[in-house]
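Below: the structure, in structure tokens.
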Amino acid sequence: MSKSEWIWVAIRIFGIYLLVLAIISIPEAIGAVYAHFHLADAAGRSSDFASMADSLRKAAVSKGITALSQLILFSVAAYYFICRGKLIHNVASRENA
């Protein structure tokens, strides 16, 4: 295999790695949304539990936003590295690099 083909292999492998990271963030996002709705329901039922449930709900929202951001970012980057990647390939293929 030539240097150019090895660079393409490396780009594709990195894209697959990013795809795995995107897939891993899916359950985190679903769990955060699930926790947000159930903690909001629990906070409305009991006044003793309300302050703790509210802080847990805020943490779930923060975790959900992080997981959704990771899902979007990793998915877009994985698509680029797996399906496109020409710019990265040109930069890596330069003799000066």
Side-chain angles (χ1 to χ4, degrees):
M1 289 177 68
S2 68
K3 177 184 174 184
S4 177
E5 291 170 341
W6 280 111
I7 292 171
W8 275 120
V9 169
I11 290 171
R12 299 299 192 257
I13 289 173
F14 188 66
I16 292 170
Y17 171 71
L18 290 173
L19 182 63
V20 168
L21 290 178
I23 291 170
I24 289 173
S25 68
I26 292 172
E28 293 177 8
I30 292 171
V33 170
Y34 180 79
H36 169 70
F37 287 125
H38 285 286
L39 286 171
D41 183 42
R45 282 193 233 152
S46 171
S47 62
D48 297 334
F49 187 62
S51 65
M52 184 172 62
D54 187 50
S55 63
L56 288 173
R57 185 186 55 80
K58 288 178 183 176
V61 167
S62 174
K63 180 67 175 173
I65 290 171
T66 302
L68 287 173
S69 300
Q70 286 178 346
L71 177 64
I72 292 168
L73 180 68
F74 291 151
S75 297
V76 169
Y79 172 77
Y80 177 75
F81 280 99
I82 292 173
C83 297
R84 307 274 182 218
K86 188 68 176 169
L87 179 66
I88 300 296
H89 182 265
N90 289 339
V91 170
S93 295
R94 287 191 347 222
E95 292 297 322
N96 299 350

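All values reported here derive from a predicted model rather than from experimental measurement.
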May I have the list of side-chain donor-acceptor pairs in residues 12-29 shorter than 3.5 Å, sequence neighbours left out?
residue: Arg12; atom: NE; partner: Ile82; partner atom: O; Å: 3.1
residue: Arg12; atom: NH1; partner: Phe81; partner atom: O; Å: 3.3
residue: Ser25; atom: OG; partner: Ala22; partner atom: O; Å: 2.8

(request) Spell out, as yes or no, whether a donor-acceptor pair under 3.5 Å connects the side chain of His89 to the backbone of Ser4. (result) yes
(message) Under the rule for ring pair (Phe, Tyr, Trp, His ring centres under 6.0 Å), what residues qualify as partners of Tyr80, not counting sequence neighbours?
(response) none
Mind listing the side-chain donor-acceptor pairs of residues 59-74 below 3.5 Å, one per line with the distance, residues two or more places apart or on another chain?
residue: Thr66; atom: OG1; partner: Ser62; partner atom: O; Å: 3.0
residue: Ser69; atom: OG; partner: Ile65; partner atom: O; Å: 2.8

(request) Provide the closest heavy-atom pair for Glu5 versus Met1 in the form atom of the first, atom of the second, distance. (result) OE1-CA, 3.3 Å
